[in-house]
Amino acid sequence: MHLFKYILKRLGLLIVTFFIIISVCFVLVKLLPSQPAEMFGKDMALIMARREKLGYGQPIIIQYFRFLRYAFEGDFGASEVLYIGQDVWKVFVDKLPYTISVNLFSIILSIPIGLGLGVIAAVKKNTWIDHVISTGVMIFVSVPSFVYGFLVQYLLCFKLHWFSPVMDTTAGPFSWAGIVSMMPAILCLSFGSIAGFARYTRAELTEVLTSDYLLLARTKGLTRQQATIRHAMRNAMVPIFPMILGEFVSIMSGSLIIEQMFSIPGVGKLYVNAIQASPPDYNFFMLLSGFYILISLLAGIVVDISYGIIDPRIRMGEK
Amino acid sequence: MEEIKTIDKEKFRFVNDSERLHDKKLDTKPIGYFRDAFNRFKKNKGSIVAAIIVMIMILFAIVGPFCFNAQYQKDYAVEKDMMRYQYLLPKISFMEGTGIWDGSSRKKINLATKYRYEAMAIETGYAPIQKIYGEEYGTYDVRINSYASIDCFQKTLTEAQYRELMAWQDENQIQVIMPYVNNDLAKMNNMNVWYVCDQKGMPTFESGSKEFIPAYYTYASAVGRRDGYTSTMRLANDPYLKGDVDNGWSYAQRTGTAETGYNYVVRVNSYNYFIYRWGFEPCFAFGSNNMGYDIFSRLASGARFSMLFALAVSVINLVIGAIYGAIEGYYGGALDLAMERISDILSAIPSMVVTVLFNLHLSAKVGVVPSLLYAFILTGWIGMAARTRMQFYRFKNQEYVMAARTLGARDRRVIWKHIFPNSLGTLITGSVLVIPSVIFSETSLTYLGIINLDSPTMSSVGAMLSAGQGMMSQFPHLIFFPALFIGLLMVSFNLFGNGLRDAFNPSLRGVED
């Protein structure tokens, strides 16, 4: 019951935060000049109708309430620069699978490798294996993703010709051909997550491995392997599991840089394109900004709540 | 036993009244907080190495822009001929001819191209083909010197410019103006092809000979002796030098009339023209980019901007964050709660949204860089405030603070004189670690093109990366040096920052290692 209350409280806070940010964003965007209707040529009538529906030309406060009302119905207006006349929500929904696909496969790839490396490094602490893994982790955590993005693109795509340097957009996001052509992007996204998982796992596991109850387990007669798997791993997973869950939630947010670099027609690339366009495509900008804010807030909540569920001793927000 | 009720005050006397007592002087030198931290830092070899690399990079950013010809850098915005020197490969002058870092690359070329390069070597004296590895089905595997293979180009000069160039030629004994090619004979219509050839560039040889037949205009041809060429510099086998004036080669095409003033269209040798124009031989340590700009100095100035920018963000965030966090942490209670909500909300805004909105609203008014700075500050101080708040919660109920308060110290004094110095170590570490993260974000934003800082006078690492990406398969050097720089900077800055953190807070050692 306590947990339920806690979740409710967090959700309430989330909604308040989200609305404050969205409102400020909305006002700031509306203060910018929008394109004159004559710019649209044959799409003029359509664009004007969509604008009219969202309260174009009326006070910002009225526009704001209309925006909220129609947003619940999934109408965020029409694209005015990138996909002139098309519904931004529909375009967004079309792009989402690509982003989810890339990130999903990258997580599927990085969880076992990352945890594995972390466990090996922790068990073999202070041997050369640990040093190699730790150094690699340190490099991949610090170096920006586009740097090894270039490396992957140059070596795997241009030198070895294993993959095409940009995604084959005719293939579907979950088809085999699509996955193969997304492989460089998936790899690049994975490097960072692998390093993150490995570092975290190593830190947690080394702490658990030196704890008293593990010594007790050993004195009871368990082998080192048994003690590590049955006792240490379970306890080390307490903080690691929420992290994985958080990663899963943020699957959808994707990576702006990697999508841009490998031309993956996902949400991240759409966002960057909407911003880069001149003038920026404001309806896309509003929708996607809201989306990103929501995802990051949700990821935070999921992590906090899952802590409480996994380990009842931890209840965040309690004094 | 007689009970003593009262003792006269005079009877009391110090035990060791005869000798004076002092605290014993410490034998060892006192070690302060920073000294202690520095001692710990010195033991961490990785951090020392990282600190040295960071120093070198800072040095590179400071002196780098001055390491390349200043006039050349000034001409970025105005000189159109600079495009001729695009995509030159990295070259260090003393590595000449070694095959590594000497501006050469291994390529596969066809026979016609091979002839063209051989002819260029004869004409200009700079051999594009450095080494031949082998031949297969008419394709040659060769090492090409990119500096020697820059194409000749056509240039229209006024009378005065023409005279000046000729005078310079005579003075320095360097041939810049090349004889004018007759494209009826050299049918390939390429500035470098000066020999009689067909449209594919295959040369015509006289029977039994392997020597190229020059296709230059001669004075006897329709052009006549109207090139106004008075320089003594002529190609070695010019018939003119042997006294055969009629068959001498013509060096320019005169256009215009006597009333409007003559113009001269000349074919110039790019390498020597570069020497004439800027006074030094072309040699770009990190290569040149698509505009012919020097990557070394551009990278250094981009790095300088990034570092200064990150430093500014870090200092401003430290100040704002420290004040905000100190107030939050010290007073606590409802004030803390309210202030925490504000920072919670601010921290939930993705930095991308903030940056874009600031850029759209402010960049026209105050410029791109200040608006970017505001965007970084708007949400950047939160981390610092959270750190300060934690430290204040830790220290504010300790005895020494209570003592200070009992003695009547005001809040401000307790905050800044008693608690703040104790949290300084954490804050310094935090500020240092902010620098790489700001550089990272700035590079990402410029790479994505959301912030555009690229201009002839200014550059950013991200813009260099995105500009080079399209040409990566042909010219990896465009990407290699900026990527190496940013990668190395990130790794060493983070190592350095972690070393600092361990030094200031030994208890945190290995937590995030």
Side-chain angles (χ1 to χ4, degrees), chain A residues 13-14 16-18 20-21 24-25 28-29 31-32 134-135 137-151 153-154 157-159 165 199-200 202-203 206-207 253 256-257 260-261 268-269 271-276 279-280 282 285-286 288-290 292-297 300, chain B residues 46 50 341-342 344-361 436-437 439-441 443-445 447-452 461-462 465-466 468-470 472-474 476 478-480 482-495 497-498 510-513:
Chain A
L13 264 178
L14 178 143
V16 172
T17 313
F18 181 69
I20 292 175
I21 300 172
V24 174
C25 279
L28 285 177
V29 167
L31 287 178
L32 293 164
S134 299
T135 311
V137 161
M138 209 274 307
I139 289 172
F140 279 108
V141 163
S142 327
V143 172
S145 60
F146 47 78
V147 172
Y148 42 79
F150 290 132
L151 212 62
Q153 208 168 30
Y154 186 70
C157 304
F158 292 126
K159 284 282 148 183
R199 179 166 81 164
Y200 212 62
R202 178 181 175 275
T206 37
E207 206 185 308
S253 63
L256 304 180
I257 289 175
Q260 180 78 2
M261 185 174 239
K269 191 168 185 334
Y271 193 45
V272 173
N273 288 348
I275 294 167
Q276 276 179 339
Y282 296 121
F285 179 71
M286 270 315 288
L288 295 179
S289 298
Y292 280 123
I293 295 165
L294 196 61
I295 292 288
S296 70
L297 286 171
Chain B
R341 278 291 81 75
I342 295 173
D344 268 359
I345 289 171
L346 279 177
S347 68
I349 313 174
S351 58
M352 184 68 79
V353 177
V354 180
T355 317
V356 171
L357 285 174
F358 267 86
N359 193 36
L360 289 175
H361 275 281
S437 79
I439 296 179
F440 182 102
S441 315
T443 311
S444 306
L445 287 169
Y447 170 73
L448 288 172
I450 289 169
I451 302 294
N452 187 14
V461 182
L465 288 171
S466 70
Q469 199 188 349
M472 184 165 62
S473 58
Q474 281 171 281
L478 297 177
I479 294 282
F480 178 77
L484 181 74
F485 173 79
I486 198 80
L488 204 58
L489 187 71
M490 285 299 133
V491 171
S492 49
F493 239 119
N494 280 327
L495 260 182
N498 288 347
V511 168
E512 284 174 31
D513 206 10

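Protein chains get the first letters and strands the later ones, always in sequence-line order, with residue 1 at the start of each. Everything numeric here is computed off the predicted structure, so don't read it as measured data. Computed from heavy atoms alone, side chains included, the values below leave out hydrogens, waters and symmetry copies.
- The number of heavy-atom neighbours closer than 6.0 Å to CD of A:Q276, taken from other residues, nucleotides and ligands shown, is above 12.
- Here A:Y292 contributes atom OH and B:M352 contributes atom CE; the two are 8.0 Å apart, rounded to the nearest 0.5 Å.
- Of the inter-residue distances, the one linking B:Y447 atom OH with A:M261 atom CE reads 3.5 Å to the nearest 0.5 angstrom.
- For a residue to count as touching a neighbouring chain, one of its non-hydrogen atoms must lie under 4.5 Å from one of that chain's; by this rule A:I293 touches chain B with backbone and side chain alike.
- Within the 4.5 angstrom heavy-atom criterion, only side-chain atoms of A:F285, from C-beta onward, approach chain B.
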Worked check of side chain to side chain contact (heavy atoms under 4.5 Å, CB included) between A:T17 and B:D344: CA-CA 8 Å; A:T17 313; B:D344 268 359; 5.9 Å; no
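- Only the side chain of A:F146 comes within contact range of chain B, judged by heavy atoms closer than 4.5 Å.
- With rounding to the nearest 0.5 Å, the separation of OG in A:S142 from CG in B:L489 is 10.5 Å.
- The shortest non-hydrogen separation linking B:Q469 to A:F150 is CG-CE2, 3.5 Å.
- Looking at B:I345, both its backbone and its side chain come within 4.5 Å of chain A, counting heavy atoms on both sides.
- We find the CG-CE distance between B:L495 and A:M138 to be 4.0 Å, quoted to the nearest 0.5 Å.
- Looking only at heavy-atom pairs under 4.5 Å with chain B, the residue among A:V272, A:L297, A:V137, A:L28 that has the most is A:L28.
- Residue A:L151: no heavy atom, backbone or side chain, is found under 4.5 Å from chain B.
- With a 4.5 angstrom heavy-atom cutoff, B:V491 touches chain A via backbone and side-chain atoms both.
- Proximity to chain B is limited to the side chain of A:P280, based on heavy atoms less than 4.5 angstrom apart.
- When heavy atoms are compared at a cutoff of 4.5 Å, A:F18 does not approach chain B at all.
- Looking only at side-chain heavy atoms (C-beta outward), B:V353 and A:Y271 come within less than 4.5 Å of each other.
- Contact record, B:A348 with A:S296: O-OG, 4.0 Å, taken as the closest heavy-atom pair.
- Only the side chain of A:I275 comes within contact range of chain B, judged by heavy atoms closer than 4.5 Å.
- Nearest heavy-atom pair, B:L357 versus A:C25, reported as atom, atom and distance to 0.1 Å: CD1-SG, 3.9 Å.
- Contact annotation for A:S289: both backbone and side-chain heavy atoms come within less than 4.5 Å of a heavy atom of chain B.
- Residue contact with chain A, scored on non-hydrogen atoms closer than 4.5 Å, involves the backbone and the side chain of B:L465 alike.
- Contact check for A:Y282 versus B:L360: side-chain heavy atoms found under the 4.5 Å cut-off.
- One finds the NE2 atom of B:H361 at 5.5 Å from the CG atom of A:L31 (value rounded to the nearest 0.5 Å).
- A:I257 touches chain B through backbone and side chain together, each having a heavy atom under 4.5 Å away.
- Taking each heavy atom of A:P144 and B:I486 in turn, the nearest pair found is CG-CG1, 4.3 Å.
- Taking every heavy atom of both residues into account, A:F158 and B:M472 meet most closely at CE1-CE, 3.5 Å.
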